[in-house]
Amino acid sequence: MTTAAWVVLLTLLFNVLLGGRLRADADDLLRTRAEAAASTVQVLPGGTLKIAEPADDSALDTDIWIYQGARAVERPTGQPSLQRKADALAGSTTRFATTGEVRLYSRPISAAGHRVGTVVTAVGLSSYHRMLTSALTGSIVLALLLLLGVYAVTRAVVGRALQPVAEMTGQAADWSGHDLGRRFGTGRRPAELSALAAGLDELLDRLSVVLRHEQQWSAELSHELRTPLSRIVAEADWLSQQARTTEEQQAALNVIRGAADEMEQICQTLLAEARTRGTRLPGRCALSAMATDVAARWPATGPRLTLQTPKEEVTAGSPPEIVERLLAPLLDNARRYAATTVVLRVERGVRIVVQDDGDGVPESARGRVFEPGFRAEPADGHPGAGLGLALARRLARSAGGDLTLEGSSAFVVTLPPG
């Protein structure tokens with residue numbers, strides 16, 4: 001459509017310019033003929049005009065009138081239809097006039113500053129009009145042929161250009177169903193196809209993450225629930241085998257109750273994570289902004305929280321809800337065991353560090369600190385079932401990252417870049 005509009009504009013412009021040029025040529029011819037005829041006229045004393053007759057004046061006698069005042073002293077024969085128009089021009093100041101297919105021009109003859117006569121010339125415009133019509137027809141045909149050629153070439157070029165796009169899209173669809181490990185990579189391609197390849201690779205990465213989450217879901221749920229469920233079954237079997245004292249029954253019920261609470265906490269965390277990824281693809285999280293929001297909700301009592309963020313925003317390829325949920329047990333533990341200060345630090349490399357100034361994890365327990373149900377100091381007076389760090393690591397790994405312990409009290413969350 002753009003090419004068609006441009007061709008139409010150029011065609012109209014060409015014909016307008018050609019029409020103006022042809023009119024100018026006709027006017028130049030009229031002036032030339034009028035000057036030639038005027039050169040044969042001699043003004044005698046008293047204003048009388050004398051016309052010199054060349055040996056062959058047939059060209060000058062064609063469509064030329066010579067007037068002395070308003071009286072024609074020489075006129076062409078066989079031009080009655082133009083006589084009145086020529087008479088009108090001879091007595092006026094108008095230079096050009098057009099009647100039908102004829103254009104006329106008047107050139108005054110002056111003597112001593114006074115107009116004593118007029119030369120009027122005429123030329124037929126039919127040949128100019130035919131030339132203009134032929135040019136218009138030819139330019140329209142040429143424009144149509146040009147548009148057809150442009151359409152054919154554009155269709156072929158666009159079809160050829162889109163062919164690799166269709167092939168890449170088909171490959172991505174096939175890989176998404178059979179081989180999510182395949183990628184287009186950064187091979188030599190035009191810039192547009194490189195951008196498409198990068199976008200399709202990113203989409204395949206996200207689909208791979210979703211599939212990995214789904215595959216891990218049943219394994220995580222089974223693994224986390226197996227221990228407390230086994231404890232409930234064991235205690236129930238123990239109670240049913242023989243009569244127990246009231247104290248033994250109460251102890252067994254407490255164990256069952258604790259195991260049920262563990263299962264409830266596990267279910268709440270894992271189901272919340274499943275709902276988040278079930279409603280949308282893994283999202284993105286601005287870590288500095290999220291950490292600032294978490295710091296704003298930090299309790300006013302107890303250890304103070306120190307927030308450290310880099311100047312540039314760090315973006316993780318995980319939803320903010322998951323990042324906050326896996327940080328919650330880390331911050332809770334830090335607040336329990338800190339002496340005066342808890343540090344929440346966002347680092348380049350998509351890392352979040354939670355550290356407190358307490359005694360830290362004993363060296364003997366650092367290898368088991370992420371085991372479900374393990375507590376380094378069960379009798380330290382702090383509540384908890386030893387599941388917070390285990391679930392936090394599960395969430396971090398399900399999001400494509402990890403949770404590690406550096407030193408004795410620095411828990412580091414590493415997430416995929418967003």
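As a basis for the values below, the full set of heavy atoms in this structure was taken, side chains included, without hydrogen atoms, waters or symmetry mates.
Leu82 approaches Ala122 most closely through the heavy-atom pair CD1-CB, 4.4 Å. Scanning all heavy atoms of the two residues, the minimum distance from Ala135 to Leu18 falls at CB-CD2, 3.0 Å. Of all non-hydrogen atoms in Val123 and Ala26, the two that sit nearest each other are CG1-O, 4.4 Å. Closest approach of Gln68 to Leu49, counting heavy atoms only: OE1-N, 3.3 Å. Residues Val350 and Ala316 share a closest heavy-atom pair of CG1-CB, 3.6 Å. For Met168 against Phe184, the heavy-atom pair with the smallest separation is O-CZ, 3.2 Å.
Evaluated for a side chain to side chain contact (heavy atoms under 4.5 Å, CB included) with Val412, the options Val353, Asp402, Leu403 yield exactly one hit, Val353.
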### Message
Using the rule given for side-chain contact (heavy atoms from CB on, under 4.5 Å), can you reason through Trp298 versus Val342, listing the C-alpha separation, both sets of side-chain angles and the distance that settles it, and then say yes or no?
### Response
CA-CA 10 Å; Trp298 185 259; Val342 175; 4.1 Å; yes

### Candidate pair Leu17 and Arg21, rule side-chain contact (heavy atoms from CB on, under 4.5 Å), full reasoning
CA-CA 6 Å; Leu17 293 177; Arg21 182 68 264 174; over 6 Å; no

### Message
If you apply the rule side-chain contact (heavy atoms from CB on, under 4.5 Å), what do you find for Leu10 with Trp6, and how did you get there?
### Response
CA-CA 6 Å; Leu10 290 179; Trp6 181 241; 3.4 Å; yes

### Message
Test side-chain contact (heavy atoms from CB on, under 4.5 Å) on Leu89 and Trp65; report intermediate values, then the result.
### Response
CA-CA 10 Å; Leu89 278 178; Trp65 291 260; over 6 Å; no

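Asp87 is linked by a side chain to side chain donor-acceptor pair (under 3.5 Å) to Tyr67, Gln83, counting only residues two or more places apart in sequence or in another chain. For Thr169, the side-chain contact (heavy atoms from CB on, under 4.5 Å) test picks out Val165, with sequence neighbours left out. For Thr341, the side-chain contact (heavy atoms from CB on, under 4.5 Å) criterion is met by Arg304, Thr306, Val343, Asp357, not counting sequence neighbours. Shown here are the side-chain contact (heavy atoms from CB on, under 4.5 Å) partners of Ala295, two or more places apart in sequence or in another chain: Leu305, Leu307. Evaluation of the side chain to side chain donor-acceptor pair (under 3.5 Å) rule for Asp356 yields no partner, not counting sequence neighbours. By the side chain to side chain donor-acceptor pair (under 3.5 Å) test, Glu312 is found to be paired with Arg348, residues two or more places apart in sequence or in another chain being considered. Judged as a side chain to side chain donor-acceptor pair (under 3.5 Å), and not counting sequence neighbours, the contacts of Glu324 are Arg297. Among residues two or more places apart in sequence or in another chain, the side-chain contact (heavy atoms from CB on, under 4.5 Å) test is passed with Ser288 by Thr309, Pro310, Glu313, Val346. Shown here are the ring pair (Phe, Tyr, Trp, His ring centres under 6.0 Å) partners of Tyr128, two or more places apart in sequence or in another chain: there are none.
Using a 4.5 Å heavy-atom cutoff, the side chains of Leu405 and Leu389 are not in contact. Under the 4.5 Å side-chain criterion, counting only non-hydrogen atoms from C-beta, Ile352 is not in contact with Leu330. Side chains of Ser126 and Arg130 form a contact here, defined as non-hydrogen atoms less than 4.5 Å apart. Two residues are said to be in side-chain contact when any heavy atoms from C-beta on lie closer than 4.5 Å; Met290 and Leu327 meet this criterion. Under the 4.5 Å side-chain criterion, counting only non-hydrogen atoms from C-beta, Leu331 is not in contact with Arg335. Residues Leu12 and Val8 form a side-chain contact, since some pair of their non-hydrogen atoms from C-beta on lies under 4.5 Å apart. At least one side-chain heavy atom of Ile109 sits under 4.5 Å from a side-chain heavy atom of Val119.
In this structure, Thr40 contributes its side chain and Ala37 its backbone to a donor-acceptor pair below 3.5 Å. The closest donor-acceptor contact from the side chain of Ser106 to the backbone of Thr94 lies under 3.5 Å. At least one donor-acceptor pair closer than 3.5 Å links the side chain of Asn15 to the backbone N or O of Thr11.
Taken from OH in Tyr105 to OG1 in Thr32, the straight-line distance is 9.5 Å, to the nearest 0.5 Å. If you take CG on Leu132 and OG on Ser127, they are separated by 11.0 Å, rounding to the nearest 0.5 Å. The CD atom of Glu321 sits 11.0 Å away from atom OG of Ser318, with the distance rounded to the nearest 0.5 Å. Here the CZ-CZ distance, from Arg345 to Arg351, works out to 8.0 Å after rounding to the nearest 0.5 Å. Arg393 CZ to Leu391 CG: the interatomic distance, rounded to the nearest 0.5 Å, is 12.5 Å. To the nearest 0.5 Å, atom CG of residue Leu22 and atom NE2 of residue His129 are 9.0 Å apart.
When the shell of 6.0 Å around CG of Asp293 is examined, it contains more than 12 heavy atoms from other residues, nucleotides or ligands. Remark: Phe96 CZ is packed, more than 12 non-hydrogen atoms of other residues, nucleotides or ligands lying under 6.0 Å away.
The salt bridge (charged side-chain N to carboxylate O under 4.0 Å, His left out) analysis of residues 148-173, with sequence neighbours excluded, yields no pairs. Counting only residues at least two apart or in different chains, salt bridge (charged side-chain N to carboxylate O under 4.0 Å, His left out) contacts with residues 116-128 are absent. Applying the salt bridge (charged side-chain N to carboxylate O under 4.0 Å, His left out) test to residues at least two apart or on different chains, the pairs with a partner in residues 101-117 are Asp27-Arg103, Glu35-Arg107.
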